[in-house]
Student: 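Let me give you the structure first, and then I'll get to my questions.
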Amino acid sequence: MKNRSRRRFAAAVIGVSAGGLNALSRILPLLHRHLALSVLVVQHLRPDSDSYLVHHLARLSTIRVKEAEDKEAVEPGTVYIAPPDYHLLVESDRSLSLSAEERVNFSRPSIDVTFETAAEAFQDQLIGIVLTGANNDGSRGLARIKYFGGMTVVQSPESAEYDIMPRSAIDAVDVDRIVPLDGIAGLLNTLAPGEIDGEGSHTAGR
Amino acid sequence: MNDTSTTLEKERLEIRLLLEAIYLRYGFDFRDYSGAHTKRRLENRLHLSGMASFGEMQHRLIHDEGFFNELLLDLSINVTEMFRDPWFYRAVRETVVPHLKTYPFIRSWHAGCSAGQEVYSMCIVLAEEGMKERTQIYATDFNELILDKARAGIYPIELVRNYTANYHQAGGRKSFSDYYSAQYEHAIINQELKERVLFSSHNLVTDGVFGEMHIIFCRNVLIYFNKSLQNRVLRLFYDTLCPGGFLCLGSKESLKFTEVAGDFECIAEKEKIFRKKRRS
């Protein structure tokens, strides 16, 4: 009982590039509304993208979905999406910072930047997830998560719209789990189940 | 504590000492910058320099001013462009300038002006609005090397295509090529645009108010500060602005999590333009 009451995970970081809209649209709606995790999502976007992605995903999901804001403290049961054209960093006090510094891996936001800073802030309480994409952003960050004792998860290349990013991560890191797209939400719900409220947070119904 | 988190703790301690050393030796205060950001910049320099630890780096920067100047450039972010976020400049032209025109003379401050791109963008807006002759612009940065670049106003010619597109999206009324002359690989900003600008060194962390302003531009600077430093600098801006004065922040910056949230009204949500409330 003692073990169960001590929650191991505090946050998950998800890195996704090409094919991301589809993948996120299938994962986020299945997350428990009271998931006991803060979820940070880095999706590669065009710098001039509007807030469509956030609104679209918020509409589909029962868990709270919002754009990440500078100096915001993260809360469980919330999905934070990195804004276009800014890197998203996690501070040691687990608040968020944005940065407009140079692109990393030709990307801003860069998955590595968020993964590496989150790895230090959350250490073994972090789950890192690399999804579909056509570049190798995220591999270095995932290695960093592994180094700090976090759990490393990669979408199975066969289930990915673009398999380069998952394959690159699998090559770079001895990952803990390789999971098909349809298994990602279930994994998170199992690893960090939230309190069950009277309204049945486990269903996406209204 | 396990090994990795002990290592991390020691590293954080070394970084704190290094920032303390910079402050004591050179007077630049990075102690209240965003920790995650500062660490990334220092790590980058550490890898490039081949040094083994932040402790070694601290020793080097105390004794080697040239190395410190390199580090100073690492710690200031100079990513910007002319008419960055064109819709912001359109809002300034359409929403803010009509208010500014009601004053006989205005003073404008670009705090953290970097290499001057956004300063000259505003100079163009003011010139086209017939405001140039009754404006004094102060453009400040803590980094002297960057200020020299800003004074020179020379930008790589390959960037001009982007600047030109931005200028037109921002509601520019002329041809962007009216504002620079091309020489080989560079575009040089016209002398007339610089006439009303005073570039000078000012550090938001350690320096104070230097005059009453009607409008302050400080875009994508505060995100590199921690919460308490953000509050301090915003208080400085509040004290600097005249009643009804304007504060322009970066597109993802807000006053929401700050102590001055109640002292300003937001007049353009997306463009992040705020107005200092008049005392009732």
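Proteins get letters first, then strands, A, B, ... in listed order; numbering begins at 1 in each.
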Student: Between Glu102(A) and chain B, which part of the residue has a heavy atom less than 4.5 Å away: side chain, backbone, both or neither?
Tutor: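 Both parts, heavy atoms under 4.5 Å.
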Student: Where does Arg84(B) contact chain A at under 4.5 Å (heavy atoms): side chain, backbone, both or neither?
Tutor: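 For Arg84(B), the side chain is the part near chain A, not the backbone.
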Student: When you check the gap from the basic side-chain N to the acidic O, do Lys71(A) and Glu253(B) get nearer than 4.0 Å?
Tutor: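 No salt bridge links Lys71(A) with Glu253(B).
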Student: Are there more than 12 heavy atoms of other residues, nucleotides or ligands under 6.0 Å from atom OH of Tyr162(A)?
Tutor: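 No, OH of Tyr162(A) has 12 or fewer neighbouring heavy atoms, counting only those of other groups under 6.0 Å.
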Student: Return the NZ to OG distance between Lys270(B) and Ser51(A), rounded to the nearest 0.5 Å.
Tutor: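 Output value for this atom pair is 8.5 Å.
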Student: As an exercise: rank Arg40(B), His37(B), Lys39(B) by heavy-atom pairs under 4.5 Å with chain A and give me the winner.
Tutor: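 The answer is Arg40(B).
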Student: Can you say whether Glu116(A) sits under 4.5 Å from chain B via the side chain, the backbone, both, or neither, judging by heavy atoms?
Tutor: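 Just the side chain, heavy atoms under 4.5 Å.
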Student: Heavy-atom distances under 4.5 Å only: say whether Ile77(B) touches chain A with side chain, backbone, both or neither.
Tutor: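 For Ile77(B), the side chain is the part near chain A, not the backbone.
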Student: Search all heavy atoms of Ser34(B) against all heavy atoms of Glu91(A) and return the closest pair with its distance.
Tutor: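 So the two residues come closest at OG-OE2, 2.5 Å.
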Student: Does any heavy atom of chain A fall under 4.5 Å from the side chain of Ser251(B), the backbone, both, or neither of them?
Tutor: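 For Ser251(B), backbone and side chain are both near chain A.
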Student: Is Thr117(A) close to chain B through its backbone or its side chain, or both, or neither, when contacts mean heavy atoms under 4.5 Å?
Tutor: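 Only the side chain of Thr117(A) comes within 4.5 Å of chain B.
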Student: Quick check on Arg108(A) against chain B: is it the side chain, the backbone, both or neither that has a heavy atom closer than 4.5 Å?
Tutor: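 Answer is side chain: those atoms of Arg108(A) sit under 4.5 Å from chain B.
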Student: Report the C-alpha separation of Asp70(A) and Phe257(B) in whole Å, then their side-chain angles, then the decisive distance to 0.1 Å, and conclude whether the side-chain contact (heavy atoms from CB on, under 4.5 Å) test is met.
Tutor: CA-CA 9 Å; Asp70(A) 185 56; Phe257(B) 304 113; over 6 Å; no
Student: Between Val113(A) and chain B, which part of the residue has a heavy atom less than 4.5 Å away: side chain, backbone, both or neither?
Tutor: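 Both backbone and side chain.
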Student: Say you draw a straight line from CG of Asp48(A) to CG of Asp85(B); how long is it, rounded to the nearest 0.5 Å?
Tutor: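 So the CG of Asp48(A) and the CG of Asp85(B) are separated by 10.5 Å.
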Student: Is there a donor-acceptor contact under 3.5 Å from the side chain of Tyr147(A) to the main chain of Thr4(B)?
Tutor: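 Not a single qualifying donor-acceptor pair exists.
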Student: With rounding to the nearest 0.5 Å, note down the distance linking CD in Glu101(A) to CG in Asn44(B).
Tutor: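 Glu101(A) CD to Asn44(B) CG: 8.5 Å, rounded to 0.5 Å.
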Student: Which distance, rounded to the nearest 0.5 Å, do you find between the CZ of Phe148(A) and the CG of Leu8(B)?
Tutor: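 Here the rounded value is 4.5 Å.
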Student: Could you measure the distance from the NZ atom of Lys252(B) to the CG atom of Leu88(A)? Nearest 0.5 Å is fine.
Tutor: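 That separation rounds to 12.0 Å.
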Student: In terms of heavy-atom pairs under 4.5 Å with chain B, which of Gly149(A), Ala121(A), Pro47(A), Ala100(A) leads?
Tutor: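 Top option by heavy-atom pairs under 4.5 Å: Ala100(A).
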Student: Heavy-atom distances under 4.5 Å only: say whether Ser97(A) touches chain B with side chain, backbone, both or neither.
Tutor: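 Only the side chain of Ser97(A) comes within 4.5 Å of chain B.
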Student: Between Glu69(A) and Lys256(B), does any side-chain N to carboxylate O distance fall below 4.0 Å?
Tutor: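 Answer for the salt bridge query: yes.
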Student: Can you give me the closest heavy-atom contact between Tyr86(A) and Gly250(B), atom names plus distance?
Tutor: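 Heavy atoms only, the tightest pair is OH-C, 4.5 Å.
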Student: If you draw a 6.0 Å radius around NZ in Lys149(B), do more than 12 non-hydrogen atoms from other residues or ligands fall strictly inside?
Tutor: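 No, the 6.0 Å shell around NZ holds no more than 12 heavy atoms from other groups.
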